[in-house]
Number of protein chains: 2
Amino acid sequence: MSTAHTGVPTSPAEHALPVPVPSEEYERCPVTGLLRRLGDKWTLVLLSLLARRPYRFNELHRAVEGISQRMLTRTLRTLEADGLVEREVFPTVPPSVEYRLAPPGVSLMRSLSPLATWAVEHARRAG
Amino acid sequence: MSTAHTGVPTSPAEHALPVPVPSEEYERCPVTGLLRRLGDKWTLVLLSLLARRPYRFNELHRAVEGISQRMLTRTLRTLEADGLVEREVFPTVPPSVEYRLAPPGVSLMRSLSPLATWAVEHARRAG
DNA sequence: CCGTATCCCGCGAGATACTG
DNA sequence: CAGTATCTCGCGGGATACGG
């Protein structure tokens, strides 16, 4: 992949393709893709909380038992990248950051509702 | 399960706990649990096919591009254990096995429908 | 035709420590 | 307060080969 000049690679990411090649074929089915996204350890918990009201970072950290800072940041950033959550920074001292559900997040939670009901009702078998 | 006598362990699984301890805490949220179940690589594809009509094993194997026998069996057995799919064996020669959607599977697919619609509509961002 | 049995590998995700 | 940076490990899942 090196290509051009004679340069020795200084970073592995240097030769990353400019085009986002679908590395996983899960992309083929958007439904499965969505289920995988929502099915990670923290996403639903965070979405559920944010569905009620906006939260600040450490407020979430306290509200969600057992989550690490790393996973909280990662999950929130992914949600933001997907357009499900909005992030607003207040340049106060010390800094304050607020997270809220974006409109697509709201409609997603609505669409999820029947499945959630099914899950609770059938919790014993396939839950 | 040797146990008893003085036997030297012959298998690692020998000391497995008799009680199915919830190894993962995903169990805490039935919705997340369900999303994880449905979110694996082949489950939705199989459920979608079986939602239309019953299939035999090799018929599924041919219909689902890229699935291995191992994963087909595994996925079907999990679906059966969850009560979502029914398996019927016809003792012919050679043997024939038919899989069909069980009633809970039907209601699950119904409940999944709004989310599937959302996924397709928002395929570009969070798909 | 309908599976099981092994082996193997990458990635999601947890623990821990550090920073503007 | 609100994050990054590393390291590590378990498990989902693929390849392959064999069995009733």
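The sequence lines fix the lettering, A, B, ..., with proteins before strands; numbering per chain opens at 1. In what follows, every heavy atom counts, from backbone to side chain, and hydrogens, waters and symmetry copies are set aside.
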Look at all strands and tell whether B:S96 reaches a base, only sugar-phosphate, or nothing, counting heavy atoms closer than 4.0 Å.
sugar-phosphate
Per atom distances to the B:R77 side chain, the nearest of D:dG14, D:dT4, C:dT4 is C:dT4
A:L46 CG to D:dA2 P, in whole Å, measures 14 Å
Rounded to whole Å, CZ of B:F57 lies from P of C:dC2 at a distance of 7 Å
Rounded to whole Å, NZ of B:K41 lies from C1' of D:dG13 at a distance of 8 Å
Per nearest nucleotide of DNA chain D, the residue lying toward the 5' end, A:T73 or A:P94, is A:P94
Atom CG of A:L60 and atom P of D:dG3 are separated, to the nearest Å, by 10 Å
In whole angstroms, the gap separating P of C:dA5 from CZ of B:R74 amounts to 12 Å
Just to be sure I understand the rule, does A:F90 reach a base, reach only the sugar-phosphate, or reach nothing, if contact means heavy atoms closer than 4.0 Å?
nothing
Between CZ of B:R36 and P of D:dG10 the distance, given in whole Å, is 16 Å
- [ ] Indicate the ring-plane relationship of A:W118 and A:H122, choosing parallel, tilted or perpendicular according to the 30° and 60° boundaries.
- [x] parallel
| said: Less than 4.5 Å apart, side chain to side chain, heavy atoms only: is that true for A:P54 and A:E59? | reply: no
In whole angstroms, the gap separating C1' of C:dC11 from CG of A:D40 amounts to 13 Å
Under a 4.0 Å heavy-atom criterion, the protein footprint on nucleotides 15-20 of chain D, written with B, S and -, is B----B
When rounded to whole Å, the CZ to C1' distance for the pair B:R56 and C:dG3 reads 14 Å
With a 4.5 Å heavy-atom cut-off, do A:L60 and A:L72 have their side chains touching? yes
Looking only at side-chain N and O atoms, does A:R37 come under 4.0 Å of OP1 or OP2 in C:dG12? no
